[in-house]
Amino acid sequence: GDQISKLKQCCRCRRDRQPTFIQISPVKSNGLTDPAPFADQLEPVTAPYVRVSMEEACQGTPQERPVRVYADGIFDMFHSGHARALMQAKGLFPNTHLIVGVCSDDLTHNLKGFTVMNEDERYDTVSHCRYVDEIVRNAPWTLTPEFLADHRIDFVAHDDYPYSSAGSDDVYKHIKAAGMFAPTQRTEGISTSDIITRIVRDYDVYARRNLQRGYTAKELNVSFINEKKYHLQERVDKVKKRVKDVEERSKEFVQKVETKSIDLIQKWEEKSREFIANFLQMFGPEGALKHMLKEGKGRMLQAISPRQSPNSSPTREHSPSPPPSFRLPFFTKTSPPSSPYHLSGADSISEDDD
């Protein structure tokens with residue numbers, strides 16, 4: 001709140017002044033914006049080639065003389081395992097210039113096997129890796145001293161497993177003997193062969209996937225019968241999906257009905273308890289109705305019972321009056337009214353007789 005008030009006050013003070021423009025420098029990222037260049041497109045270096053020792057490389061070389069590390073491979077279907085290997089090669093020394101050699105299609109098909117991506121695709125893929133500083137196209141299968149000298153290579157980076165190929169138990173054996181080998185760690189669980197194995201294992205799934213995306217059976221090298229089979233499977237899967245959706249919706253509906261039923265039962269139980277409590281409060285043994293009846297009965301008895309004369313009422317001087325009498329109108333003759341204080345004994349019924 002204090003900062004906002006100060007900002008408003010500052011705005012009032014600067015309202016009549018000329019606007020001030022502040023130039024903000026753009027934020028620079030550490031990532032590269034251009035792919036790595038190819039070695040055959042760079043200007044040749046005329047300075048004599050002098051290798052750097054392992055001790056000098058680990059201590060750090062001058063900025064103008066980086067340690068030139070070479071890593072080669074096929075890099076078919078470039079994946080995280082390739083990227084991690086190149087990252088390790090780039091981080092071997094404090095000042096590293098990473099050169100990556102990519103073998104051609106002819107050499108790879110003759111010595112290793114068929115590739116999914118062609119050589120141009122593999123060259124371009126590796127050049128866009130952030131750790132790569134230089135690309136060597138059509139790299140040799142076995143490194144010769146002439147090749148190492150031409151590219152001014154100080155060390156060769158690769159995993160430490162023996163790589164048997166081209167009639168050799170380990171193509172890097174002579175590099176290790178010369179003290180130029182820098183080992184890296186292989187990433188387990190990911191390789192080009194593993195990816196191809198997944199595709200071959202789930203071939204039908206990916207064939208149906210590409211047919212759905214518009215590829216023809218001819219492009220996928222799928223026979224007419226298999227094409228119809230895949231289309232039929234796709235329709236069956238759609239029906240299964242619809243049935244599954246209906247089942248899920250039905251389950252949701254049943255769950256909602258059960259939930260509402262439980263709520264209704266609970267509400268009914270609460271209302272029934274409340275009704276029973278109200279009923280007992282009104283008609284129970286000690287309910288309000290019994291008290292009302294008792295109170296009404298007491299009032300009726302009080303209304304019909306005679307009131308007693310107060311003890312402090314004045315007394316008459318003459319003799320007390322006889323008790324009131326009751327005349328039978330059918331058996332007595334009408335006589336003139338007598339004095340209220342003198343009634344005949346034969347024509348009256350005393351209170352004691354009553």
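Worth knowing before you read on, the calculation uses all heavy atoms, side chains too, and leaves out hydrogens, waters and symmetry mates. This is a predicted model, so every value here is computed, not measured.
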Does CD in Gln63 sit with more than 12 non-hydrogen atoms of other residues, nucleotides or ligands closer than 6.0 Å? no
Shortest non-hydrogen separation from Thr61 to Ala57 and the atoms involved: CG2-CA, 4.4 Å
Between Ala157 and Leu92 the two heavy atoms that sit nearest each other are CB-CD1, 4.0 Å
Between the side chain of Glu234 and the main-chain N/O of Arg208, is any donor-acceptor distance below 3.5 Å? no
Single-linkage hydrophobic cluster, 4.5 Å side-chain cutoff, Leu220 and Ile199 together: no
Are more than 12 heavy atoms from other residues, nucleotides or ligands located less than 6.0 Å from atom CD of Glu269? yes
Listed once per pair and sorted, the ring pair (Phe, Tyr, Trp, His ring centres under 6.0 Å) pairs that draw on residues 88-137, sequence neighbours left out: Phe93-Phe155, His109-Phe114
Euclidean distance, Met180 CE relative to Ile175 CD1, rounded to 0.5 Å: 5.5 Å
Output all residues satisfying side-chain hydrogen bond (donor to acceptor under 3.5 Å, both in side chains) with Asp202, sequence neighbours left out; order by chain, then residue number. none
Partner residues of Arg65 under the side-chain hydrogen bond (donor to acceptor under 3.5 Å, both in side chains) criterion, sequence neighbours left out: Asp154
Taking Ser168 for the side chain and Ser164 for the main chain, is one N or O donor matched with an acceptor at less than 3.5 Å? no
Return the set of residues passing side chain to side chain contact (heavy atoms under 4.5 Å, CB included) with Glu248 (not counting sequence neighbours), or none when no residue passes. Lys244, Asp245
Are Ile262 and Gln266 close enough that some pair of their side-chain heavy atoms sits under 4.5 Å apart? yes
Answer yes if the side chains of Asp72 and Tyr172 hold a donor-acceptor pair under 3.5 Å, and no otherwise. yes
Expected output: side-chain Asp124 to main-chain Asp120 donor-acceptor under 3.5 Å: no
Take Arg122 and Asp105 through the test side-chain contact (heavy atoms from CB on, under 4.5 Å) and record every step on the way to the result. CA-CA 10 Å; Arg122 293 185 284 114; Asp105 286 345; 2.6 Å; yes
Evaluate whether atom OH of Tyr203 has more than 12 neighbouring non-hydrogen atoms of other residues, nucleotides or ligands under 6.0 angstrom away. yes
Kindly indicate whether the side chain of Thr96, heavy atoms from C-beta on, has any atom under 4.5 Å from the side chain of Asp133. no
List for me each residue that meets side chain to side chain contact (heavy atoms under 4.5 Å, CB included) alongside Ala47, sequence neighbours excluded, and say none if there are none. Val45, Arg152
Under 4.5 Å between side-chain heavy atoms, hopping through other hydrophobics if needed: is there a path connecting Ile74 to Tyr70? yes
Counting heavy atoms not belonging to Asp263, are there more than 12 under 6.0 Å from its CG? yes
Gap between atom CG of Leu211 and atom OH of Tyr230 - 0.5 Å precision: 8.0 Å
I need the Lys229 NZ to Asp204 CG distance, nearest 0.5 Å. 5.0 Å
Test of understanding: with side chain to side chain contact (heavy atoms under 4.5 Å, CB included), list the residues that count as partners of Glu274, not counting sequence neighbours. Lys271, Asn278
Take atom CG of Asp40 as the centre, draw a 6.0 Å sphere, and report whether it contains more than 12 heavy atoms from other residues, nucleotides or ligands. yes
So which heavy atom on Asn95 is nearest to which on Pro62, and how close? ND2-O, 2.8 Å
For Arg84, look at atom CZ and say whether over 12 heavy atoms of other residues, nucleotides or ligands are found less than 6.0 Å away. no
Between Leu107 and Val156, is there a shared hydrophobic cluster once you connect ILVMFWY residues whose side-chain heavy atoms come closer than 4.5 Å? yes
I'd like to check Phe78 versus Cys129 (side-chain heavy atoms, cut-off strictly below 4.5 Å). Are they in contact? yes
Using atom types as modelled and distance alone, determine if a side-chain donor or acceptor of Gln212 lies under 3.5 Å from a backbone N or O of Arg209. no
Do you reckon Tyr49 sits in the same ILVMFWY cluster as Met54, going by side-chain contacts under 4.5 Å, direct or chained? no
Drop me the distance from Lys256's NZ to Arg249's CZ, to the nearest 0.5 angstrom. 11.0 Å
Nearest-0.5 Å distance that lies between atom CG in Asp34 and atom OG in Ser127: 10.5 Å
Quick check on Ile225: does its CD1 atom have over 12 non-hydrogen neighbours (other residues, nucleotides or ligands) under 6.0 Å away? no
To check you understand the geometry: which heavy-atom pair defines the closest contact between Asn226 and Val222, and what is its length? CB-CG1, 3.5 Å
Quick one, Thr192 and His79 - any side-chain contact, counting heavy atoms below 4.5 Å? yes
Side chains of Thr125 and Phe75 in contact at under 4.5 Å (non-hydrogen atoms): no
Taking the side chain as C-beta and beyond, is there a heavy-atom pair between Val254 and Glu258 under 4.5 Å? yes
For residues His158 and Lys176, determine if any side-chain heavy atom of one lies less than 4.5 Å from a side-chain heavy atom of the other. no
Do Leu148 and Arg51 come close enough that some side-chain heavy atom pair is under 4.5 Å? no
Carefully, step by step, assess Met77 and Ile196 under the rule side-chain contact (heavy atoms from CB on, under 4.5 Å). CA-CA 9 Å; Met77 301 180 69; Ile196 295 176; 4.1 Å; yes
Do Arg201 and Arg198 pass the side-chain contact (heavy atoms from CB on, under 4.5 Å) test, and can you show the C-alpha distance, the side-chain angles, and the key distance before you say yes or no? CA-CA 5 Å; Arg201 180 186 59 197; Arg198 299 177 197 173; 3.8 Å; yes
If every non-hydrogen atom of Ala85 is compared with every non-hydrogen atom of Thr184, which pair is closest and at what distance? O-CG2, 4.4 Å
Hey, what do you get for CD (Glu119) to CG (Asp106), rounding to the nearest 0.5 Å? 7.0 Å
Of all heavy-atom pairs linking Pro162 and Asp169, the shortest is CB-O, 4.1 Å
Does Met87 belong to the same Ile/Leu/Val/Met/Phe/Trp/Tyr cluster as Ile135, with side-chain heavy atoms less than 4.5 Å apart forming each link? yes
Trace of the side-chain contact (heavy atoms from CB on, under 4.5 Å) decision for Phe181 with Asp160: CA-CA 9 Å; Phe181 189 81; Asp160 203 12; 3.8 Å; yes
